[in-house]
There are 2 protein chains.
Amino acid sequence: MSIQKKEDATYELIISTAKNLFFKEGKFNATTQEIADAAGVNRTLINYYFRSRDALFDLIFEEGKKEDERRQEMIVLSDLPIREKLEMFIDYFLSQAKMYPYREVYMLTQIIKDDCCIYDKKEHVKRMSEKFYVELEQEMEKGTIQKMKPIQFMLNFISMLIFPVIMRPFLQNNFELDDKEYDKLLAGRREVILKTIFRNREESNLDSL
Amino acid sequence: MSIQKKEDATYELIISTAKNLFFKEGKFNATTQEIADAAGVNRTLINYYFRSRDALFDLIFEEGKKEDERRQEMIVLSDLPIREKLEMFIDYFLSQAKMYPYREVYMLTQIIKDDCCIYDKKEHVKRMSEKFYVELEQEMEKGTIQKMKPIQFMLNFISMLIFPVIMRPFLQNNFELDDKEYDKLLAGRREVILKTIFRNREESNLDSL
DNA sequence: TTTATGTTTGACAAAATTGTCAAATGCAAA
DNA sequence: TTTGCATTTGACAATTTTGTCAAACATAAA
């Protein structure tokens, strides 16, 4: 079934080319011909290595899901204080977003298209998520963060982080900003988000961001 | 050029059917045949009324842009205190989102596809936006809201409002919630967002949301 | 060199999709 | 009723896109 005698450089080339088209250029509906051209290979090699166009799309989507899981595990499995967990997550996400600005939108459109996306979290991740929620509630008791359902807190957090990235084309036009200005805006997100979410720190002025 | 002798019920029917497919069902790549079938009309009527498939898509996109502009004007042109402006916007958006859950994603994918989207704001809206930003800064001086660049504040606000709506398929799976639970979550957003953004009010407990 | 196996190619067929057009239909005014 | 015009339809052509297949190619082992 699987073809892997030689180094399957072509196989990997096709995948990474497709990923670039999807995640970097936003060509969510690229044809096999377009992908092949971009990779500089014959179109039918896509059928040879992946059976069908759909199979290639699915493969990339599944890889994306695994990356999502890794992210989630990163935030709940690490043994750091809440704030540092979140900081780590922000930094990681923003750096990834620089590389693959359309990644999240692609994942979303795929989910919408198939109308199915079962993330089967591993048991230990579920357990750690519960623990993470308890930690959050402790912070709320301390007054470090505003009291609310932990899931609402998480929604706030990822919304403020991810939305400005995935809606960039929309927002940049709407706010009438050029590329450089928007990059600066994104760079400022880290501090803004932390400032918005945590309350006990000194009220430093964020005007310069 | 334009065809409008009789009541153009068909014309409107096609548009609203297409909007439903796009905004309600997330069928962003519906074919002319699918749209015609959903509307119960002959496929070629789409060509008759809109020249081409693209023209129909563009028309709906442009209508969406106008709606976006209306929203923006609503928030800056009304003569209400900041907090009430934002409350009004939240309520309006959430009710619209219930009707057209995929609207924002559709708009985004169209922008990405065409890689162009010039929102030409009217002059008086621009002026009022500046005024709105000044009002925000006054609130920050008062301490009602956290100090940051007004545009970062607006990013925070619309992120926390819109993201949970547009990423619903993704988040619902990820958090493992059923439809009812997620609806409840969304219903709680209003108070959570206000709580997160405004600081001076009594620290009421949001556990029940 | 020959052989065997995995890889690549171009030609072809099949399917899907869009747009055009002439003819048919329906309806209101003359 | 007949005429004229907008609307609707089905047939057709053109294009795009995908997938298959046999043949060609490359390379390492026999």
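Sequence lines set the chain letters: A, B, ... in the order given, protein chains first and strands last, and positions in each chain run from 1.
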J.: Who pairs with A:Q96 by side-chain hydrogen bond (donor to acceptor under 3.5 Å, both in side chains), at least two apart in sequence or on another chain?
T.: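 If we apply the side-chain hydrogen bond (donor to acceptor under 3.5 Å, both in side chains) test to A:Q96, skipping adjacent residues, there are no hits.
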
J.: For nucleotides 16-18 of chain C, give me every protein contact, N/O to N/O, under 3.5 Å, one pair per line with atom names.
T.:
from: C:dT18; atom 1: OP1; to: B:R53; atom 2: NE; distance (Å): 2.7
from: C:dT18; atom 1: OP2; to: B:T32; atom 2: N; distance (Å): 3.1
from: C:dT18; atom 1: OP2; to: B:T32; atom 2: OG1; distance (Å): 2.6

J.: Round to the nearest Å and state the distance from B:N42 atom CG to C:dT20 atom P.
T.: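 Nearest whole value for this atom pair: 15 Å.
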
J.: Take atom CG of A:D54 and atom P of C:dA15, then tell me their distance rounded to the nearest Å.
T.: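 From A:D54 CG to C:dA15 P: 17 Å.
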
J.: When you measure from the centre of the six-membered ring of A:Y182, is the NZ or CZ of A:R168 under 6.0 Å away and within 45° of the axis?
T.: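 Because its charged atom misses either the 6.0 Å distance or the 45° angle limit, A:R168 does not stack over A:Y182.
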
J.: State whether the number of non-hydrogen atoms from other residues, nucleotides or ligands found under 6.0 Å of A:D79 atom CG is greater than 12.
T.: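 No - once you tally the heavy atoms of other residues, nucleotides and ligands closer than 6.0 Å, there are 12 at most.
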
J.: Can you check the B:L45 CG to C:dC21 C1' distance for me, whole Å?
T.: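 Distance check: B:L45 CG to C:dC21 C1' gives 14 Å.
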
J.: Should the pair A:R53 and A:F50 be classed as cation-pi, given the thresholds of under 6.0 Å to the six-membered ring centre and 45° from the axis?
T.: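 No; the conditions do not both hold, so A:R53 does not lie above the ring face of A:F50.
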
J.: Tell me the interatomic distance from A:I14, atom CD1, to D:dT18, atom P, rounded to whole angstroms.
T.: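 These atoms are roughly 14 Å apart.
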
J.: Verify the contact: side-chain N or O of A:T44 to OP1 or OP2 of D:dG19, cut-off strictly under 4.0 Å; return yes or no.
T.: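 Negative; the distance criterion is not met.
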
J.: Can you check the B:I46 CD1 to D:dT8 P distance for me, whole Å?
T.: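 Answer to the nearest Å: 12 Å.
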
J.: Do the charged groups of B:E181 and A:K149 touch, with an N to O distance under 4.0 Å?
T.: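 No.
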
J.: CG of A:D37 versus C1' of D:dT17: gap in Å, rounded?
T.: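 Whole-Å distance recorded here is 13 Å.
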
J.: In whole Å, what is the span from the CZ atom of A:F50 to the P atom of D:dT18?
T.: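 After rounding, the gap between these two atoms is 15 Å.
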
J.: Could you give the CZ-to-C1' distance, from B:R51 to C:dG19, as a whole number of Å?
T.: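 Rounding to the nearest Å, CZ of B:R51 and C1' of C:dG19 are 12 Å apart.
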
J.: Using OP1 and OP2 only, check whether a side-chain N or O of A:Y48 sits under 4.0 Å from D:dT20.
T.: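 For A:Y48, the contact criterion (side-chain N or O under 4.0 Å from OP1 or OP2 of D:dT20) is not met.
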
J.: Determine, for A:R103 against A:D68, whether the closest basic-nitrogen to carboxylate-oxygen distance falls under 4.0 angstrom.
T.: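 Here A:R103 pairs with A:D68 in a salt bridge, since their nearest N and O are under 4.0 Å apart.
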
